[in-house]
Amino acid sequence: MLDIHSTVSLNDGHEIPLLGYGTWQVEGADCVRGVREALQAGYRHIDTARVYANEAEVGQGLRDSGIPREQVFVTSKINTGDFPRAKAQAALDDSLSKLGLEYLDLYLIHWPQDEHMMEAWEVLQKARDAGRIRSIGVSNFTVERFEKAFFPRTGEVPAVNQIELHPFWTRHALRDYCDGKGIVIEGYSPLARAEKLDDPTLRKIAARHGKSAAQVMIRWQIQQDIVVLPKSSHAERIGQNADVYDFTLDAEDMKTLDALDEGQGVLNWRPKGYY
Ligand code: A2P
């Protein structure tokens with residue numbers, strides 16, 4: 001049975017909590033507070049990135065929460081401009097320094113398109129071997145990017161692929177591909193940036209379960225063992241998004257939600273050549 005402590009296993013032997021707090025566009029004091037409130041609400045997984053420019057605030061929120069560091073799974077991501085080898089090393093040093101951590105649980109290649117990407121990957125591999133990162137993975141990768149730009153140049157399978165995912169963009173072909181390789185999917189913008197919360201089908205299912213549309217969208221992901229990273233700057237919603245363990249979507253609900261797929265996301269960031 002799923003609960004707030006539920007994890008999935010990564011292909012490197014580590015465990016990742018299914019529920020994480022997403023921090024894109026959560027800035028300054030809001031970020032410090034949001035991270036603290038998420039940890040107080042029971043989240044044990046925080047997702048940030050260099051490009052979010054809030055690693056220092058994430059670190060502060062983590063310290064403010066009083067939760068021991070080793071009980072929290074912390075992810076950051078290296079940005080495209082930092083892919084060349086020397087810059088990648090400095091970026092990791094800076095991430096750790098800003099977060100105030102000795103190690104990251106997960107560090108991701110944020111974007112697949114850059115000629116220096118594999119230099120960054122090698123820096124991540126070495127840092128992992130040195131104990132400064134526990135797991136390494138990628139984000140925004142499509143099947144095509146894996147096949148053409150990544151696997152021809154490395155023998156190592158990333159632990160995760162973090163992608164936009166929700167019932168309005170279900171991406172089954174990409175998920176099947178990652179499943180086949182042992183790559184765990186993390187879904188960002190699981191609430192479709194709050195743009196679809198009034199969808200009548202979603203609302204009907206939510207009403208039947210006495211839950212909100214946001215809670216149904218989160219539950220749709222965790223029931224499929226997909227790591228889910230909802231973002232909110234408000235304590236009430238941060239709590240609500242973690243209150244998803246007292247109901248179950250049945251097979252019919254899941255089928256109905258899957259049928260909402262529009263074949264594209266609300267952010268819809270995908271490299272050229274996507275399929
Ligand atoms: P806010 O930060 O003001 O709470 P996503 O996780 O898909 O990126 O969506 C984030 C958006 O969804 C933000 O605009 C956030 O607003 C909003 N949001 C987060 N949680 C909820 C919720 N439980 N109900 C309604 N809107 C939510």
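In listed order, ligands and their atoms are each counted from 1. Residue indices begin at 1 and follow the sequence shown.
- Remark: R145 is not positioned above the aromatic ring of F150, lacking an NZ or CZ atom under 6.0 angstrom from the ring centre and at most 45 degrees off the axis.
- For residues 227-243, the set of pairs meeting the salt bridge (Lys or Arg N to Asp or Glu O under 4.0 Å) definition, not counting sequence neighbours, comprises K211-D243.
- For the pair R134 and Y103, the cation sits on the ring face: its NZ or CZ lies under 6.0 Å from the ring centre, inside 45° of the axis.
- The residue from K77, E27, Q25 that alone fulfils the side chain to side chain donor-acceptor pair (under 3.5 Å) condition with Y52 is K77.
- In this structure, the side-chain contact (heavy atoms from CB on, under 4.5 Å) partners of T170, at least two apart in sequence or on a different chain, are H172, R175, W220, D258, D261.
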What are the distances between nitrogen or oxygen atoms of ligand 1 and protein nitrogen or oxygen atoms, counting only those under 3.5 Å?
residue	atom	partner	partner atom	Å
ligand 1	2 (O)	K231	NZ	2.9
ligand 1	2 (O)	S233	N	2.9
ligand 1	3 (O)	H234	ND1	3.0
ligand 1	3 (O)	R237	NH1	3.1
ligand 1	4 (O)	S232	OG	2.5
ligand 1	4 (O)	H234	ND1	3.2
ligand 1	4 (O)	R237	NH1	2.8
ligand 1	6 (O)	K231	N	3.0
ligand 1	7 (O)	S189	O	3.4
ligand 1	7 (O)	P190	N	3.4
ligand 1	7 (O)	L191	N	2.8
ligand 1	7 (O)	A192	N	3.2
ligand 1	7 (O)	R193	N	3.0
ligand 1	8 (O)	S189	OG	3.3
ligand 1	8 (O)	R193	NH1	2.7
ligand 1	16 (O)	R237	NH1	3.3
ligand 1	20 (N)	N241	ND2	3.0
ligand 1	23 (N)	Q240	OE1	3.0
ligand 1	23 (N)	N241	OD1	2.9

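- Residues passing the side chain to side chain donor-acceptor pair (under 3.5 Å) test with T7, sequence neighbours excluded: E15.
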